[in-house]
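All values reported here derive from a predicted model rather than from experimental measurement. Throughout, protein chains are lettered first and strands after them, A, B, ... in sequence-line order, and every chain is numbered starting at 1.
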Amino acid sequence: MPPRVRIAPSPTGDPHVGTAYIALFNYAFARRHGGKFVLRIEDTDQQRSSSSSEDAILAALRWLGLTWDEGPDVGGPHGPYRQSERTDKYQAAAKVLLDSGAAYRCFCTRERLDALRVEREAAKLRPGYDGHCRDIPKADAQARAAAGEAHTVRLRIPEGGETTVLDQLRGEVTFAHAEIDDQVLLKSDGFPTYHLANVVDDHDMDITHVLRGEDWLTSTPKHVLLYQAFGWDQPLWYHLGLLRNADKSKLSKRKNPVSIDHYRALGFLPETFINFLGTLGYSMPDERERFTLAEFVEGFDLHRIKTGGPVFDPAKLAAFSGHDIRELSDEGLLQVLRDRVLSEDRLRALIPLVRERIDTLDDFVPYASFFFGGSVDYTLVASKLVPNKRTAKETAKVLKDYIDAIEQDADARAFTVEALEAFSRGFGERVGWKPKELFAVLRIAACGRTAAPPLFDTLAVLGKDRVRLRLRDAIDFLKTMPTA
RNA sequence: GGCCCCAUAGUCCAGCGGUUAGGACGCUGGGUUCUCAUCCCAGAAACCCGGGUUCGAUUCCCGGUGGGGUCACCA
């Protein structure tokens, strides 16, 4: 039976490098064995999911060449491939569990749960649900639900005993039931949590092998229990190590660029990027570390996956990239420069910002230089980076808050001129910085110079990823400045 | 903190009982070159610790230590 595997991203932010990493292994396994690679959108979090994020994730994976056989855009026999369109299936599944007693209705309020958490923490007890609603008679619970009382559906974890997960990479991993919480399966808004939706969909879509990040390992016993409660066969489990920051913590945007779009915007070739990911936690049988996606697929072997979490080293990626650019023929380089760096679209965006500021055609390139490339040098503008009445520390803090806040703002996240201006003015007011001060700092941090075209047009054209990189650089630079 | 996972140079990998422990990035030195870069050569740099098992452990087992993950009506 050919394998069926899947990548199941949650559209709650920029396309994440970790998603590409896991997708690569799933893709390679499916292709290697003539199976199917499914893309499923896990958008059960109504608050954080957005269709623009979904679009971006699809585009990013496609850019990398990790194409899928079934998905929300291409369809397939097991659709729909968007969880928000499958809620009836989860409701039905929850009902089955409710009827069999494998799950129960929980009427606890958010307030009670919050209080409980505080209480248990104070008592140094394991945080988790106390089973308050576990033993409500089924008929009573049903009546309360029918009367419209808000509730969730929780999985009834057996009182004693343990559940063993057979991870194909790690062997048997056993969890005592006492350590497992009565997981919420259906939220009070009627949407499923990851755990229910994931199990129901993987079964429904005939997924045979689950290759996912190690961060799921500890919730796998819940999934195993669910499969058992439904009477379904489990898929084979493979938990891959997590990509790490230089300090070994889980790869995060605080410490690294984690958006696939960042690497695209800064001019990495997709082939290079995929190749690099393929060297992390994995090795080719002949030890060669430069290979194409097709070559990666050709010899792909699940047994060669390492379970330790590799550090994502940007320096090595850059070395791969430089090497690949040198491998290009002059004609090939010309082509990619034209397509990706000096594309007509990009020049069109630049022209209105630059035309008033140059006297000769040839001035265009040097003037527009800061629109290209990654980091800029702040040493020449160091004295201007900190506003008169502010300290370097304050300035760094404001920039950091700015970066964080922009991700929280659904409009600003889109990085359009209008949204950026509205957001930035509001942000300045909130932190008590005059527009003049804030805008100057942003301009210098984002451009590396004190004079530039209008700020928000400039930021928009620079692009979110480049701006974020430079703001982060500026923060680091500020931290090294002697405090006056 | 409880539970779980992991452990070869600074980093990414190779190794699957006996090797001068190999490759890549980075670093250092040298060569090519008008400079720089590229390219080439050379070098420094690792089996976390302690017990077992074994004729023999980097490799197998146990313990410790260290690192990580996870403990939500987020995924």
Under 4.0 Å from OP1 or OP2 of [N]: is there any side-chain N or O of [X] that close?
| X | N | result |
| --- | --- | --- |
| A/K250 | B/rU70 | yes |
| A/S283 | B/rA14 | yes |
| A/S249 | B/rG67 | no |

Side chain to side chain contact (heavy atoms under 4.5 Å, CB included) involving [X] - partner list, sequence neighbours excluded:
| X | answer |
| --- | --- |
| A/K400 | A/R254, A/D404, A/I475 |
| A/S375 | A/L469, A/D473 |
| A/T272 | A/L269, A/R290, A/L317, A/F320, A/S321, A/D324 |

Whole-Å [atom1] distance, [N] and [M]:
| N | M | atom1 | value |
| --- | --- | --- | --- |
| B/rA9 | B/rC25 | C1' | 12 Å |
| B/rG26 | B/rC39 | P | 9 Å |
| B/rC6 | B/rC13 | P | 15 Å |
| B/rU70 | B/rU53 | P | 40 Å |
| B/rG50 | B/rG30 | P | 40 Å |
| B/rU54 | B/rG31 | C1' | 50 Å |
| B/rG63 | B/rG2 | P | 16 Å |
| B/rU38 | B/rU11 | C1' | 23 Å |

So what does [X] hit on the nucleic acid, given a heavy-atom distance under 4.0 Å: a base, only sugar-phosphate, or nothing?
| X | result |
| --- | --- |
| A/E42 | sugar-phosphate |
| A/R212 | nothing |
| A/F175 | sugar-phosphate |
| A/P192 | sugar-phosphate |

Pairs under 3.5 angstrom only: tabulate donor-acceptor contacts from the side chains of residues 210-218 of chain A to other protein residues two or more places apart or in another chain.
residue, atom, partner, partner atom, Å
A/R212, NH1, A/T220, OG1, 3.2
A/R212, NH1, A/H239, NE2, 3.3
A/R212, NH2, A/Y194, OH, 3.2
A/R212, NH2, A/H223, ND1, 3.1

Query raised in the report: Which residue pairs pass the salt bridge (Lys or Arg N to Asp or Glu O under 4.0 Å) test when at least one of the two sits in residues 221-247 of chain A, sequence neighbours left out?
Result: A/D247-A/K255
Query raised in the report: What salt bridge (Lys or Arg N to Asp or Glu O under 4.0 Å) pairs are there with at least one residue in residues 11-20 of chain A, not counting sequence neighbours?
Result: A/D14-A/K464, A/D14-A/R468
Query raised in the report: Under 6.0 Å between the ring centres of A/F276 and A/F312?
Result: yes
Query raised in the report: Is the centre of the A/F423 ring less than 6.0 Å from the centre of the A/Y402 ring?
Result: yes
Let's test this: given Watson-Crick or G-U wobble pairing with both distances under 3.5 Å, identify the partner of [N].
| N | result |
| --- | --- |
| B/rC74 | none |
| B/rC39 | B/rG31 |
| B/rC60 | B/rG52 |
| B/rA21 | none |
| B/rU65 | B/rA7 |

Nucleotide [N], atom [atom2] - distance to [atom1] of [X] in whole Å:
| X | N | atom1 | atom2 | answer |
| --- | --- | --- | --- | --- |
| A/F191 | B/rC74 | CZ | C1' | 14 Å |
| A/E287 | B/rC12 | CD | P | 16 Å |
| A/Q408 | B/rC74 | CD | P | 16 Å |
| A/E289 | B/rG23 | CD | P | 12 Å |
| A/N275 | B/rC12 | CG | C1' | 12 Å |
| A/L243 | B/rG67 | CG | P | 21 Å |
| A/L280 | B/rA24 | CG | P | 17 Å |
| A/D215 | B/rG67 | CG | P | 20 Å |

Query raised in the report: Parallel, tilted or perpendicular: which fits the ring planes of A/Y378 and A/F477, with parallel below 30° and perpendicular above 60°?
Result: tilted
Query raised in the report: With under 30° as parallel and over 60° as perpendicular, where do the rings of A/Y227 and A/W237 fit, or are they tilted in between?
Result: perpendicular
Query - Closest to side chain of A/H195, choosing from B/rG15, B/rA24, B/rA75 - result: B/rA75
Report task. Please tell me which of the listed nucleotides, B/rC12, B/rC74, B/rA14, lies nearest to the side chain of A/D45? Result -> B/rC74
Query raised in the report: Is the CG atom of A/D330 crowded by more than 12 outside heavy atoms at less than 6.0 Å?
Result: no
**Report entry** Within 6.0 Å of CZ in A/R338, more than 12 heavy atoms from elsewhere
**Finding:** no
Query raised in the report: Mind checking what makes ring-ring contact (aromatic ring centres under 6.0 Å, His included) contact with A/F372, not counting sequence neighbours?
Result: none
Query raised in the report: Does A/R449 make a cation-pi contact with A/Y367 (under 6.0 Å, within 45 degrees of the axis)?
Result: yes
Using nucleotides 37-39 of chain B, report all nitrogen or oxygen pairs with the protein that are shorter than 3.5 Å.
none

What pairs of nitrogen or oxygen atoms, one from the protein and one from nucleotides 71-73 of chain B, lie under 3.5 Å apart?
residue, atom, partner, partner atom, Å
B/rC73, O2', A/R110, NH1, 3.4
B/rC73, O2', A/R110, NH2, 3.2
B/rC73, O2, A/S188, N, 2.8
B/rC73, O2, A/S188, OG, 2.8
B/rC73, N3, A/S188, OG, 3.0
B/rC73, N4, A/C108, O, 3.2

What N/O pairs connect the protein and nucleotides 42-48 of chain B at under 3.5 Å? Give each pair on its own line.
none

Requested in this report: Using a strict cut-off of less than 4.0 Å between a Lys/Arg side-chain nitrogen and an Asp/Glu carboxylate oxygen, indicate whether A/D99 and A/K95 qualify as a salt bridge.
Outcome: yes
Anything under 3.5 Å between a protein N or O and an N or O of nucleotides 5-10 of chain B, put it in a table, one pair a line.
residue, atom, partner, partner atom, Å
B/rC5, O3', A/R170, NH1, 3.3
B/rC5, O2', A/R170, NH1, 2.0
B/rC5, O2', A/E214, OE2, 2.8

**Report entry** All side-chain hydrogen bond (donor to acceptor under 3.5 Å, both in side chains) counterparts of A/S252, not counting sequence neighbours
**Finding:** A/N245
**Report entry** Of A/R4, A/R40, A/R82, the residue whose pairing with A/D201 passes salt bridge (charged side-chain N to carboxylate O under 4.0 Å, His left out)
**Finding:** A/R40
Requested in this report: Nearest-nucleotide wise, let me know which of A/W216 and A/V311 is further upstream toward the 5' end of RNA chain B.
Outcome: A/V311
